[in-house]
Amino acid sequence: VQLVESGGGSVQPGGSLRLSCAASGVPFADYTIAWFRQAPGKEREGVSCFNRRDANTYYSDAVWGRFTTSGHLSRDTVFLQMNSLWPNDTAVYYCAGAPRVLCGPLLLSSTRYLEVWGQGTLVTVSS
């Protein structure tokens with residue numbers, strides 16, 4: 001089982017980025033994919049999740065209305081479209097997989113429910 005993130009980089013405040021998470025070695029339909037982020041000196045926090053079976057999504061309050069997560073099902077890839085980025089969005093972003101767990105606030109409340117993690121991709125928002 002492997003998850004690989006891509007798409008991080010540097011952007012000015014108010015800008016946009018799209019992250020990708022490619023899954024291999026896992027039945028994609030059985031996994032809920034979540035996005036977490038970790039800023040320097042802070043704990044890892046849940047951002048959003050996507051469930052392939054029902055296309056259900058959920059977002060943290062910090063990103064609701066600005067970020068959108070979706071899935072390219074035929075290629076086992078999940079995206080995180082990030083708009084209106086601000087300096088406090090600067091962090092390493094991780095995608096992670098949880099088998100047979102509902103996409104919702106419980107999943108994003110703790111890293112304990114996630115079994116597979118990508119290596120992370122750095123997003124820097126700065127002028």
Side-chain angles (χ1 to χ4, degrees):
V1 177
Q2 187 176 17
L3 299 176
V4 179
E5 304 97 334
S6 61
S10 296
V11 64
Q12 292 186 341
S16 299
L17 282 174
R18 189 176 81 156
L19 306 183
S20 300
C21 173
S24 61
V26 56
F28 190 57
D30 294 338
Y31 276 71
T32 295
I33 301 297
W35 290 95
F36 278 69
R37 68 184 181 184
Q38 188 165 20
K42 295 187 177 181
E43 293 186 356
R44 198 168 294 189
E45 64 169 341
V47 171
S48 72
C49 56
F50 173 83
N51 184 281
R52 189 263 191 188
R53 288 192 179 275
D54 57 12
N56 186 40
T57 59
Y58 185 83
Y59 303 92
S60 69
D61 290 343
V63 306
W64 189 88
R66 300 187 298 124
F67 290 13
T68 303
T69 188
S70 60
H72 195 300
L73 305 179
S74 64
R75 291 188 289 174
D76 287 353
T77 302
V78 175
F79 304 102
L80 183 67
Q81 177 67 43
M82 305 184 296
N83 299 326
S84 300
L85 285 163
W86 298 108
N88 60 2
D89 293 315
T90 295
V92 177
Y93 283 73
Y94 300 88
C95 66
R100 299 176 296 280
V101 176
L102 293 177
C103 171
L106 182 63
L107 181 62
L108 300 187
S109 68
S110 172
T111 59
R112 73 174 73 176
Y113 304 107
L114 287 305
E115 293 190 1
V116 183
W117 291 85
Q119 82 287 355
T121 185
L122 178 62
V123 172
T124 303
V125 185
S126 175
S127 56

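Computed from a predicted model, the values in this text were never measured in an experiment.
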For Cys21 and Trp35, run side-chain contact (heavy atoms from CB on, under 4.5 Å): C-alpha distance rounded to whole Å, both residues' side-chain angles, the deciding distance at 0.1 Å, then the answer.
CA-CA 9 Å; Cys21 173; Trp35 290 95; 3.6 Å; yes

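Residue Asn83 holds its CG atom at 6.5 Å from OG1 of Thr68, rounded to the nearest 0.5 Å. Annotation: the span from Thr32 atom OG1 to Tyr113 atom OH amounts to 13.5 Å, rounded to 0.5 Å. Rounding to the nearest 0.5 Å gives a distance of 14.0 Å between OG1 of Thr57 and CD1 of Ile33. Considering CG of Leu3 and OH of Tyr31, their distance stands at 8.5 Å, rounded to 0.5 Å. Here the CD atom belonging to Glu43 is positioned 9.5 Å from the OG atom belonging to Ser110, to the nearest 0.5 angstrom. Rounding to the nearest 0.5 Å places CG of Leu19 at 6.5 Å from CG of Leu17.
Between Ser84 and Ser16 the shortest heavy-atom distance is N-OG, 4.3 Å. In terms of heavy-atom proximity, Ser48 sits nearest to Tyr59 at CB-CD2, 3.5 Å. Shortest non-hydrogen contact noted between Met82 and Val123 is CE-CG2, 3.8 Å. Heavy-atom minimum distance, Leu108 versus Cys49: CD2-CB, 4.2 Å. Heavy atoms only, all atoms of each residue included: Ser60 and Gly46 are closest at CB-O, 3.5 Å. Counting all heavy atoms, side chain and backbone alike, Val63 lies closest to Val47 at CG2-O, 3.5 Å.
Linking Ile, Leu, Val, Met, Phe, Trp and Tyr residues whenever their side-chain heavy atoms come within less than 4.5 Å places Trp64 and Leu85 in a single cluster. Residues Tyr58 and Phe50 do not share a hydrophobic cluster, clusters being chains of Ile/Leu/Val/Met/Phe/Trp/Tyr side chains in contact below 4.5 Å. Residues Trp117 and Leu122 share a single hydrophobic cluster, defined by chaining ILVMFWY side chains whose heavy atoms lie under 4.5 Å apart.
A distance-only check finds a donor-acceptor pair linking the side chain of Thr90 to the backbone of Val125 [under 3.5 Å]. A donor-acceptor contact shorter than 3.5 Å links the side chain of Thr69 to the backbone of Phe79. At least one donor-acceptor pair closer than 3.5 Å links the side chain of Glu5 to the backbone N or O of Gln119. Asn56 places no side-chain N or O within 3.5 Å of a backbone atom of Asn51 that could act as its donor or acceptor partner. Gln38 places no side-chain N or O within donor-acceptor distance of the main-chain N or O of Ala91, the cut-off being under 3.5 Å.
Under the 6.0 Å distance and 45° angle rule, Arg44 does not count as a cation-pi partner of Phe36.
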Show me the donor-acceptor pairs within less than 3.5 Å that the side chains of residues 92-101 make with the rest of the protein, sequence neighbours left out.
from, atom 1, to, atom 2, distance (Å)
Tyr93, OH, Arg37, NH1, 2.9
Tyr93, OH, Asp89, O, 2.7

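Counting non-hydrogen atoms of neighbouring residues, nucleotides and ligands closer than 6.0 angstrom, the CG atom of Asp61 reaches no more than 12 such neighbours.
If you chain together ILVMFWY residues whose side-chain heavy atoms come under 4.5 Å of each other, Trp86 ends up in a group of its own.
Considering only heavy atoms from C-beta on, Pro87 comes within 4.5 Å of Pro13 through its side chain.
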